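Written out below as structure tokens is the structure these notes cover.
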Amino acid sequence: MENFWTSNKPINGLRHFVLVNETKEKGNISFLMVSVLDSEINLKTTYEELINSGNWHKGWINLSKHQSITEEYVNYKSINKGKGIDEIFINEDSLFNIS
């Protein structure tokens, strides 16, 4: 599975993500995606959403700064300033597990 992805639409103002965990829940495969620029921007998605929805592009698309970091990100950060984030747990078999 490709580890680097570009969202076709900004997610909280950012578009470049890495797949850090793959889990199986009730027979369904889920992926934890984390923004390359800000770990507070993370989401869980399904295999179907990632592969077949048309919302994601495998690999990173070379975008201008204005396209890859939108005004939505600035707004998100100002609204969520000082709020904690949920911990991100990396599976032992994750490419991003450095322990």
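All figures in this text were calculated on a predicted structure; none of them were measured in a lab.
- Here the CH2 atom belonging to W56 is positioned 8.0 Å from the CD atom belonging to E49, to the nearest 0.5 angstrom.
- A single hydrophobic cluster is not seen to contain both L63 and V34; linkage of ILVMFWY side chains at heavy-atom distances under 4.5 Å, directly or through other members, places them apart.
- Under the 4.5 Å side-chain heavy-atom criterion for ILVMFWY residues, no single connected hydrophobic cluster contains both I69 and V74.
- Residues K58 and W5 are in side-chain contact: their nearest non-hydrogen atoms beyond the backbone lie under 4.5 Å apart.
- Linking ILVMFWY side-chain heavy atoms closer than 4.5 Å, directly or via other members, places F4 and L32 in a single hydrophobic cluster.
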S64 vs Q67, side-chain hydrogen bond (donor to acceptor under 3.5 Å, both in side chains): CA-CA, chis, key distance, verdict: CA-CA 5 Å; S64 69; Q67 291 175 304; 3.3 Å; yes
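- Minimum interatomic distance between G59 and E2 (heavy atoms only, all atoms of both residues): N-CG, 3.8 Å.
- Note that the OH atom of Y76 and the CD atom of E40 stand 5.5 Å from one another [nearest 0.5 Å].
- In this structure, N52 places its CG atom where more than 12 heavy-atom neighbours from other residues, nucleotides or ligands lie under 6.0 Å away.
- The shortest side-chain heavy-atom distance between N55 and T45 does not fall under the 4.5 Å cut-off.
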Show the atom names and distances, to 0.1 Å, of all donor-acceptor pairs under 3.5 Å that link a side chain in residues 8-20 to residues at least two apart or in another chain.
residue	atom	partner	partner atom	Å
N8	ND2	G54	O	2.4
R15	NE	S7	O	2.7
R15	NH2	S7	O	3.2
H16	NE2	I61	O	2.9

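- Formation of a donor-acceptor pair under 3.5 Å by the S53 side chain with backbone atoms of E48 is not found in this model.
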